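Read the numbers this way: they start at 1 and go in the same order the structure lists the ligands and their atoms. For clarity, every value in this text was computed on a predicted model and none was experimentally measured.
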Amino acid sequence: MGIEERERKVRKRNDKKFVFDWNADDDTSRDLNPLYTHRHSAQLYGRGHFAGIDLKDHKSKSGFYDKLMASRRSDVEIARMGELDNIAAQKERKVNYADRHWSEKPLDQMRDRDWRIFKEDFNIACKGGSIPNPIRRWSESTIDPKILEVIEKIGYTSPTPIQRQAIPIGLQNRDIIGIAETGSGKTASFLIPMLQFIFDLPRLNEQNMVHGPYALILAPTRELAQQIEQEALKFAVPLGFNCVSIVGGHAVEEQAFNLRNGAEIIIATPGRLKDCLDRRILVLNQCTYVVMDEADRMIDMGFEADVNFILDALPVSNLKPDTDEAEDASKMTKAIGEDSNKKYRQTTMFSATMPAAVERLAKRYLRRPAVVTIGTAGQAVETVEQRVEMITDENRKKNRLMELLKGQFAPPMIVFVNQKRSCDMLAKMINSSGLRATTLHGGKSQEQRELALSQLKNGKSDVLVATDVAGRGIDVQNVSLVVNFDMAKNIEDYTHRIGRTGRAGRSGVAVTFLSSYDTDVYYDLKQMLTKSTLATVPAELRNHEAAMTKGGVGGRRRGNDEF
Ligand SMILES: Nc1ncnc2c1ncn2[C@@H]1O[C@H](COP(=O)(O)OP(=O)(O)OP(=O)(O)O)[C@@H](O)[C@H]1O
């Protein structure tokens, strides 16, 4: 029929998989569709815009609508617009005013949000019932003006974070568990509400002093008890209260003598106090305010039974009920029953570390406590730069110690060891190098212990070599360096030891010699260093098998060292 018949392509087995309409030698590089030959370049605007015209931009540039609308507006409308602008500006000013920083607001304008920010600023966390607002300034608190006067005289210009939150709770006569880093002013945070508490009770006289003190502070070591006494005396003397410490190492007769005039406040170590109670040198018939400072340490040191004995010797008639009432400030601050002088007992615990073992004590003696935590519980204070050096060899440790002590740091400095005999040995070595060293451990007499501490405080010695007896609570100003010649046996003791420096906002350095015998604490130490912004974790510790899981692996436990 004249039509050329196209030969049908027969697909063979070996043909390619894809068969196209064009031949391999056709020019397919040009598009035949004209639409594609005259392409638009897309107008793309900022994120979220599609291609096309940016209406906002267009409008703002041309001002077309604005001009059109303005030409159509009546005078009334123009006046109304002005009013609306004013209202908007006023609203904005109001919002800005309400959003001022808490420090710029009077107390009565503080809103919940401001208090939340305030607590965040000071790293304050609390739980347990209704918690009163923290203190922004001393002058804004409900502390008695006479006590405020003393605070001012002592020179505490503003409260520390634990004081900000624990004091108002204490003033409401609520039980407290207070956890705050070392050197953060915990002592005053239980002393101030205690003084206020005593303030409202009748003064001690010949008749009522035979019933014993109003308040009792228990501390694990003699040094800590005496230090609390010194802090308490700063307040008690100007207020006319008597304050006596009952600690081991001094003759019982001497302490009985000190008690002859009665004392509103007793500060004691559990063992000696139990002794005095047993011998009837002292009774606790009207004691209604109890503080357990470093409660965890008291348990560690095996004082739990003594503490129980003492707390069981307190009168039970003023125990708080174990109900929601114990969280109700209005009920807890009222007198009990008919007797206007009878108050509910307030029991508090304070420490920088609160391991689970303390819970037993807390459950038994505290009623619905408010728990105040500053920062992260058990975390080292951020003013201490923590350095860890991996050294096991004793001689290398000694050389490195001397390098540190003779280096950039100024006295006073503290060296911690785990055994009494290491104390004396290192002190000898330090003394022979020209620096003046003293020692503090459980094998020393009380006089020697007190002398060692006072020499470090008054600059008569440069270095204190001590066991954990000095690890807690000891407050020596301006300690620039703490060396853990031996690593502490647990992370709590480590935290307290390094807290001897970097106190009351000052900075300090803690160097720890970590040996291959300390694998039990590798994990906890690594966690602690990782959390601190001022510490680096040595690679040897970071990658060590024992630092991967809690409890470590196969570390050689040290014997039960005596302090
Ligand atoms: N508001 C304050 N302003 C200035 N200094 C203060 C204030 N409160 C306490 N201090 C000082 O801070 C130092 C540390 O206080 P304190 O011994 O009470 O600390 P701490 O928290 O009990 O420490 P640790 O846990 O080691 O026992 C003390 O020398 C104390 O006089």
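Between Phe122 and Phe118, the two ring planes are tilted [angle within 30° to 60°].
A donor-acceptor pair under 3.5 Å is absent between the side-chain atoms of Arg164 and the main chain of Ile124, judged by distance alone. Judged by distance alone, with hydrogens and angles left aside, the side-chain atoms of Ser454 form a donor-acceptor pair with the main-chain N or O of Leu451 at under 3.5 Å.
Counting atoms of ligand 1 from 1 in the listed order, those under 4.0 Å from a heavy atom of Glu294 are 25 (O), 27 (O). Distances below 4.0 Å separate heavy atoms of Gln477 from the following atoms of ligand 1: 29 (O). In the vicinity of Thr187, heavy-atom distances shorter than 4.0 Å reach the ligand 1 atoms 16 (P), 17 (O), 18 (O), 22 (O). Distances below 4.0 Å separate heavy atoms of Ser184 from the following atoms of ligand 1: 19 (O), 20 (P), 21 (O). The Thr160 neighbourhood of ligand 1 comprises atoms 1 (N), 2 (C), 7 (C), 8 (N), with distances under 4.0 Å to a heavy atom of that residue.
Of the residues Ile267, Thr269, Leu216, Leu259, the one that meets the side-chain contact (heavy atoms from CB on, under 4.5 Å) test with Ile246 is Leu259.
Comparing heavy-atom distances from atom 21 (O) of ligand 1 across Lys186, Arg164, Gln163 singles out Lys186 as nearest.
Contact annotation for Lys234 and ligand 1: only side-chain heavy atoms (C-beta onward) come within less than 4.0 Å of the ligand.
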- Would you check, one step at a time, whether the test salt bridge (charged side-chain N to carboxylate O under 4.0 Å, His left out) holds for Arg387 with Glu385? CA-CA 6 Å; Arg387 299 182 195 162; Glu385 182 188 332; 2.9 Å; yes
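Checking Arg421 against Gln419 by side-chain atom types alone, a donor-acceptor pair falls below 3.5 Å. Between Asn431 and Arg436, the side chains place no donor N or O within less than 3.5 Å of an acceptor N or O (distance only, hydrogens not considered).
Checked against a 3.5 angstrom limit, the closest N/O atoms of Tyr156 and ligand 1 fall inside it. Annotation: Arg500 places an N or O atom under 3.5 Å from an N or O atom of ligand 1; distance criterion only. By the 3.5 Å distance cut-off applied to N or O atoms, Gly185 is counted among the residues near ligand 1. Backbone and side-chain nitrogen or oxygen atoms of His496 are examined, and none is located within less than 3.5 angstrom of a nitrogen or oxygen of ligand 1. Among the atoms of Ser158, some N or O lies under 3.5 angstrom from an N or O of ligand 1.
Because its NZ or CZ atom is both nearer than 6.0 Å to the ring centre of Phe309 and within 45° of the ring axis, Lys274 counts as a cation-pi partner of that residue.
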